[in-house]
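Structure first, commentary second.
Values reported hereafter were calculated over all heavy atoms of this structure, with side chains retained and with hydrogens, waters and symmetry mates removed. In what follows, residues are counted from 1 in the order of the sequence shown.
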Amino acid sequence: MTDSSAQINALILDATDPERLARFWSEVLGRPVVGRTGPYVWLRRENGLALGFQRADTPKSGKNRMHADIAAPDPAAEQRRIEGLGGRRLEGYGDGGFLVMADPEGNEFCVIPTGPVDLDDEGRAHYLD
């Protein structure tokens, strides 16, 4: 078994109304809504874990309603490591600027750089540029 420096940074839930869903989870978890960035609404980070709600134009149809963001110092190296374990990069997400992968069962998750990820007003990241 190889030691890895990757860790879960945030859990993101897709929502047709992220404000409403964030308020619900804020009450359930006792975490206040602390910010909005582009199409995202965030609850207070606790124990190192962020919980966010991303605006989605359609209700759940096939994509996970929640996915993990895996933080790694070198996302490209982490991608190769994950592919070696049986994961795969998903096509069709390049416009968003995120490295989106799937586990062997097809569950989506993102690999992001360690530290903050800057987003533009449309919610696109630029760490893959």
Are E83 and L85 close enough that some pair of their side-chain heavy atoms sits under 4.5 Å apart?
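SC-SC contact between E83 and L85 ruled out.
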Does any part of the side chain of F53, heavy atoms only, come nearer than 4.5 Å to the side chain of L43, both counted from C-beta?
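Result yes, sub-4.5 Å side-chain heavy-atom pair found.
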Side chain to side chain donor-acceptor pair (under 3.5 Å) involving Q54 - partner list, sequence neighbours excluded:
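Listed in chain order: nothing, the list is empty.
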Out of curiosity, [X] [atom1] to [Y] [atom2], how far, rounded to the nearest 0.5 Å?
X	Y	atom1	atom2	answer
D103	E108	CG	CD	8.5 Å
F109	L90	CZ	CG	8.5 Å
D17	R23	CG	CZ	6.5 Å
N9	D69	CG	CG	6.5 Å

Selection residues 76-96 - residue pairs positive for ring pair (Phe, Tyr, Trp, His ring centres under 6.0 Å), sequence neighbours left out:
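Of all non-adjacent pairs touching residues 76-96, none passes ring pair (Phe, Tyr, Trp, His ring centres under 6.0 Å).
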Over all atoms of both residues, closest heavy-atom pair of F98 and C110
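Shortest heavy-atom contact: CB-SG, 4.4 Å.
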Please find the pair of heavy atoms, one from I70 and one from A6, that lie closest to each other, and give the distance.
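Closest heavy-atom pair between I70 and A6: CG2-CB, 3.7 Å.
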Using the test salt bridge (charged side-chain N to carboxylate O under 4.0 Å, His left out), find all partners of [X] that sit at least two apart in sequence or belong to another chain.
X	answer
R80	none
R89	none
R124	D120

Side-chain donor-acceptor distances from residues 34-42 under 3.5 Å, at least two apart:
from	atom 1	to	atom 2	distance (Å)
R36	NE	E19	OE1	3.1
R36	NE	E19	OE2	2.8
R36	NH2	E19	OE1	2.9

How would you list, by chain and number, every residue that makes a side-chain contact (heavy atoms from CB on, under 4.5 Å) with L11, sequence neighbours excluded?
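L11: side-chain contact (heavy atoms from CB on, under 4.5 Å) contacts with I8, L49, L51, M66, A68.
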P75: which residues meet the side-chain contact (heavy atoms from CB on, under 4.5 Å) condition with it, sequence neighbours left out?
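P75 satisfies side-chain contact (heavy atoms from CB on, under 4.5 Å) with L99, V111, P113, Y127 once adjacent residues are dropped.
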Is a side-chain donor or acceptor of T16 paired with a backbone partner of D57 at a separation under 3.5 angstrom?
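The answer is no, because no donor-acceptor pair under 3.5 Å joins these two groups.
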For residues 38-54, which residue pairs qualify under salt bridge (Lys or Arg N to Asp or Glu O under 4.0 Å), counting only residues two or more places apart or in two chains?
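Only R31-E46, R44-E46 qualify under salt bridge (Lys or Arg N to Asp or Glu O under 4.0 Å).
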